[in-house]
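First the proteins, then the strands, lettered A, B, ... as listed; each starts at 1.
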2 protein chains.
Amino acid sequence: MTITIKDVAKLANVAPSTVSRVISNSPRISEKTKRKVRKVMDELNYHPNLNARSLANRSTKSIGLVLPPALDASFQNPFFAEVIRGVTAYSNQKEYSLYFITGKNEEEVEQTVNKTVRGRRVDGIILLYSKENDNIIDYLSEHNFPFVLVGKPYHYIEDITYVDNDNYAAAREVTNYLIDQGHKRIAFVGGESSLLVTKNRLRGFQDTMQLNGLSVKEEEIIFTSFTRDGGRKAVNQLMELTELPSAIVVTDDVLSLGIISVFQEHGISVPKDISIISFNNAILAELANPPLTSVDINIFQLGYEAAKNIISKIEEPDGSEKSILVPYKLIVRDTCMKKEDLELVKS
Amino acid sequence: MTITIKDVAKLANVAPSTVSRVISNSPRISEKTKRKVRKVMDELNYHPNLNARSLANRSTKSIGLVLPPALDASFQNPFFAEVIRGVTAYSNQKEYSLYFITGKNEEEVEQTVNKTVRGRRVDGIILLYSKENDNIIDYLSEHNFPFVLVGKPYHYIEDITYVDNDNYAAAREVTNYLIDQGHKRIAFVGGESSLLVTKNRLRGFQDTMQLNGLSVKEEEIIFTSFTRDGGRKAVNQLMELTELPSAIVVTDDVLSLGIISVFQEHGISVPKDISIISFNNAILAELANPPLTSVDINIFQLGYEAAKNIISKIEEPDGSEKSILVPYKLIVRDTCMKKEDLELVKS
DNA sequence: TTGTAAGCGTTATCAC
DNA sequence: GTGATAACGCTTACAA
């Protein structure tokens with residue numbers, strides 16, 4: 001009993017094709033018939049069947065959002081909620097829908113991408129994370145399927161459109177900031193080492209330390225997961241050092257939360273005993289105790305630009321879209337102290 | 001140059017309909033031809049067009065996930081990531097895809113739901129939040145479109161399938177716990193008062209207080225938002241009281257984070273100066289400083305059951321699905337103290 | 001400016 | 001068991 005374009009056509013005394021043209025607001029239809037047809041559409045409470053449309057059209061007006069495997073702790077990172085906010089802001093405006101693609105592990109994510117792409121459920125894909133040797137990227141590239149990456153690509157950086165921050169520069173800035181505050185022994189804690197963000201921020205950190213003649217021991221660089229256990233692992237490793245560093249660069253707010261909490265458990269307080277500088281400035285950063293000094297990477301804009309990019313890629317397949325670097329900004333809150341003040345408190 | 005069922009049919013020397021039957025693994029096809037056809041499908045690297053399928057089939061094998069308006073601070077609540085994990089766990093297994101439905105404000109969400117439902121993009125809907133006077137619920141009910149609600153419905157509780165915790169009981173348990181610890185002046189901080197969770201947990205709190213002959217002033221019941229400003233508003237209101245309560249029931253971990261952090265800003269420390277008992281036990285609870293005593297409401301299972309429910313509703317429209325209450329459990333961590341110990345610390 | 005008719009890639013119905 | 005063939009609901013040449 002679904003009402004179709006034919007019903008509308010009949011009642012409006014026009015051909016189905018005319019109705020179709022009214023739907024897509026074709027300029028070749030007179031205002032008069034447009035009005036007439038629209039009136040009937042309203043009367044009949046007609047709404048186009050999007051599947052039929054997609055089939056005839058070869059366009060779905062939807063885009064696939066690929067998230068990390070749901071079993072990863074990172075899945076719950078508020079980062080994703082915020083990128084998605086950015087994506088929807090633009091895609092809703094452009095009347096694109098979003099398909100949610102994930103799986104419990106990497107393999108399942110790959111399969112779901114595969115099914116979605118080959119089933120022609122979406123016109124393009126936004127990859128919400130970037131890691132090394134990602135089969136999905138290879139797959140999409142090979143099939144020449146439009147996609148954009150949030151984060152920097154591992155390979156083929158010239159051929160892949162991405163939206164990212166200049167994480168290398170951000171890490172340099174942050175490290176310099178700590179050095180300016182008098183810190184000399186600085187540790188680094190990042191998420192999985194296969195993630196491109198981790199890699200890039202680490203490089204920025206290392207280079208800056210070296211440029212300033214400061215050494216970093218291997219044990220002072222730690223990769224861990226976004227859980228309390230992850231925080232504990234990092235803290236334990238740091239406490240095994242003969243002396244605690246005076247500051248840490250942490251690549252993610254969630255990680256920072258865990259570290260601060262576990263430190264507290266050991267009676268080590270941030271920033272009195274050790275300073276932390278964090279990244280992302282997700283909503284957590286300002287809710288934390290103490291509030292985090294963190295690099296605001298404009299997560300929302302990252303998502304917004306990604307959507308913009310993929311949609312224009314879809315709509316003008318030839319207009320070569322270029323990658324985008326979204327600006328960042330250090331937000332100083334309460335987790336960093338000058339080295340000298342830090343000493344004072346202790347004595 | 002897409003390869004279709006016809007190409008497969010030709011190469012396998014069978015009719016298109018046979019190929020179709022092989023795809024859906026019809027028992028009426030002999031194993032022999034199945035093998036033959038499958039081999040050709042592999043050779044040609046064939047994959048069915050899901051839109052065509054949906055059209056012919058009148059079934060999309062996808063379900064819509066309705067999130068709160070993206071402009072709400074609640075959008076970033078890790079609660080949603082975790083429910084979604086639960087939903088995908090089941091839906092992937094059943095080979096259902098997920099459509100992501102939201103908008104910047106309520107109106108846009110409604111429109112998006114409308115478009116998705118009438119466009120037949122999904123077979124059913126999961127509403128991820130429950131608030132009073134929700135137009136979406138009315139819309140879906142009127143159109144007899146399959147949906148399930150995560151949370152308790154405001155109206156028509158008999159007619160709507162929902163998946164929820166017994167929030168009333170949980171709030172009672174939690175309040176009793178505080179009373180057992182010797183607390184007499186207990187405040188309540190919740191999210192928006194239009195949310196059903198807030199309402200139910202508040203009732204449990206109030207009833208328990210009353211049953212124990214404890215009074216609650218109007219100013220000790222606060223509704224606020226999931227931001228630092230929200231936390232600040234709550235803390236300010238509490239600090240205006242002639243005396244600070246000795247404990248607070250807070251309906252959400254994110255809210256608790258903010259409150260603890262703002263308290264700290266005023267030199268008031270949790271749990272030394274005031275106890276907090278929280279809800280949801282999202283990943284944040286264990287990462288917080290200090291880690292939150294919180295009611296684990298099994299968010300994952302909430303999502304899993306919702307998916308199970310909607311899918312069986314879709315597949316057997318007559319088998320009346322019943323609502324489900326997911327168990328909860330108080331997880332004691334570090335934000336609560338006995339009233340007497342609390343006094344000791346102070347003196 | 002509008003109508004006719006042939007797709008879009010499947011599935012479903014009815015034969016055999 | 002398998003094959004023709006008509007839907008499914010829309011778009012788009014091509015005609016008029």
Please give, in whole Å, the distance from [N] [atom2] to [X] [atom1]?
{"X": "Lys34(A)", "N": "dT1(C)", "atom1": "NZ", "atom2": "P", "value": "10 Å"}
{"X": "Asp7(B)", "N": "dC8(C)", "atom1": "CG", "atom2": "P", "value": "11 Å"}
{"X": "Leu50(A)", "N": "dC8(D)", "atom1": "CG", "atom2": "P", "value": "18 Å"}
{"X": "Lys10(B)", "N": "dG3(D)", "atom1": "NZ", "atom2": "P", "value": "14 Å"}

Any idea how Phe100(A) and Phe75(A) line up, ring-wise: parallel (<30°), tilted (30 to 60°), or perpendicular (>60°)?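 Rings of Phe100(A) and Phe75(A): perpendicular, as their planes differ by over 60°.
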Which class fits the ring pair Tyr139(B) and His143(B): parallel under 30°, tilted 30 to 60°, perpendicular over 60°?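 Taking His143(B) first and then Tyr139(B), their aromatic rings sit tilted (interplane angle of 30° to 60°).
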Counting the atoms with a prime plus P, OP1 and OP2 as sugar-phosphate, which does Ser54(B) contact under 4.0 Å by heavy atoms, base, sugar-phosphate, or nothing?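 Here Ser54(B) touches no strand at all.
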Might you confirm whether atom CD of Glu321(A) has over 12 heavy atoms from other residues, nucleotides or ligands at distances under 6.0 Å?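 For Glu321(A), atom CD is crowded (more than 12 foreign heavy atoms under 6.0 Å).
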Whether Thr18(B) contacts dG3(D) is assessed here as follows: a side-chain N or O lying under 4.0 Å from the phosphate OP1 or OP2. Is that the case? yes
Heavy atoms, side chains only, cut-off 4.5 Å: are Arg53(A) and Ser59(A) in contact?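 No, too far: nothing below the 4.5 Å cut-off.
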Could you tell me whether Glu106(B) and Lys131(B) make a salt bridge, using a distance below 4.0 angstrom between a side-chain N and a carboxylate O?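 Salt bridge between Glu106(B) and Lys131(B), a charged N being under 4.0 Å from a carboxylate O: yes.
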Go along nucleotides 9-16 of chain C 5' to 3' and tag each nucleotide: B for a protein heavy atom under 4.0 Å from its base, S when only backbone or sugar atoms are that close, - otherwise. BBBBBB--
Do you see a donor-acceptor pair shorter than 3.5 Å between the side chains of Asn49(A) and Arg58(B)? no
